[in-house]
Amino acid sequence: MANEQYAFLKSSSVPTRDHWQQAIDRAGLDLKLDPKFEPRTNVGFVPCKLNGAESGVEMYFDDSAEFIEDFAAIAGDRDCCISFRWGGNMRECACAMIASLALATDFGAVVSYEGEPPYQNLADFRRDTEAILKDAAKGT
């Protein structure tokens, strides 16, 4: 079964790949986005390096009014979404968590797992991300 996490942003705040990477680096987390990745145009699996090892996660950009309306209570005044999708692989989940955390920290994203209530503070989000990184390192 696929897992999905949504990062709702204002279209004007969607970062370039390089700005997103800088935000990840500032967070002190070892995730490297594919140098060819373009957040608004790439869809599907995005290769990444997690702690120096090959990994990745599916990413999708959506700014359709219908999609945003479906999540209006979460999205608020944000008009686009970057979705992350992965199976049971904890390394892929860690990629999604780190990338989402950087979007929330530096670009004002509101992040929701599967449409559930979003994180209310970055400290809880960071704590959950670090816990998933530990699980990923164990291969669980």
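Counting heavy atoms from C-beta on, the side chains of C48 and E92 never come closer than 4.5 Å. Side-chain contact between I82 and S100 is absent, with no heavy-atom pair separated by less than 4.5 Å. Two residues are said to be in side-chain contact when any heavy atoms from C-beta on lie closer than 4.5 Å; L29 and R126 meet this criterion. No side-chain heavy atom of D34 sits less than 4.5 Å from a side-chain heavy atom of N42. A heavy-atom distance below 4.5 Å is found between the side chains of I24 and I98. When side chains are defined from C-beta on, D79 does not count as touching D63, because their heavy atoms never get closer than 4.5 Å. With contacts defined as side-chain heavy-atom distances shorter than 4.5 Å, the pair Q5/E114 does not qualify. Within the 4.5 Å cutoff, the side chain of Y113 has no heavy atoms near those of the D128 side chain.
Scanning all heavy atoms of the two residues, the minimum distance from L50 to A94 falls at CD2-CB, 3.8 Å. Nearest heavy atoms, M59 versus L33: CE-CD2, 4.0 Å. Nearest approach of Y60 to V43, heavy atoms of both residues: CD2-CB, 3.9 Å. Closest approach of I74 and E116 over heavy atoms only: CD1-O, 3.8 Å. Here the closest non-hydrogen pair linking G108 and R78 is O-NE, 2.9 Å. Shortest non-hydrogen contact noted between A7 and L9 is O-CD1, 3.4 Å.
To the nearest 0.5 Å, atom CD of residue Q22 and atom CZ of residue R26 are 6.0 Å apart. Considering CD1 of I132 and SG of C95, their distance stands at 11.5 Å, rounded to 0.5 Å. The CZ atom of R85 sits 10.5 Å away from the CG atom of N3 when rounded to the nearest 0.5 Å. Interatomic distance, CD of E58 versus CZ of F84, reported as 12.0 Å (0.5 Å rounding). The CZ atom of F125 lies 12.5 Å from the CD atom of Q120; values are rounded to the nearest 0.5 Å.
Residue L103 is not grouped with residue V110 when hydrophobic side chains (ILVMFWY) are merged at heavy-atom distances under 4.5 angstrom, including chains of intermediate members. One hydrophobic cluster, built from ILVMFWY side chains closer than 4.5 Å, cannot hold both M97 and Y6; they sit in different ones. Criterion: ILVMFWY side-chain heavy atoms under 4.5 Å apart, direct or through other members. Under it, L101 and F37 are part of a common hydrophobic cluster.
Side-chain contact check for T16 and D18: no donor-acceptor pair (N or O, by modelled atom type) lies under 3.5 Å.
When each of F71, F107, Y119 is paired with F8, the ring-ring contact (aromatic ring centres under 6.0 Å, His included) condition holds for F71 and for no other.
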Stepwise salt bridge (Lys or Arg N to Asp or Glu O under 4.0 Å) test for E130 and K134 | CA-CA 6 Å; E130 290 173 353; K134 286 180 186 174; over 6 Å; no
Show your reasoning for whether side chain to side chain contact (heavy atoms under 4.5 Å, CB included) applies to S83 and F67.
-> CA-CA 11 Å; S83 300; F67 182 81; 4.1 Å; yes
Hey, mind stepping through V14 and C80 against side chain to side chain contact (heavy atoms under 4.5 Å, CB included) and telling me if it holds?
-> CA-CA 9 Å; V14 174; C80 68; 3.5 Å; yes
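The existence of a salt bridge linking D25 and K32 is confirmed by a sub-4.0 Å separation between a basic side-chain nitrogen and an acidic carboxylate oxygen.
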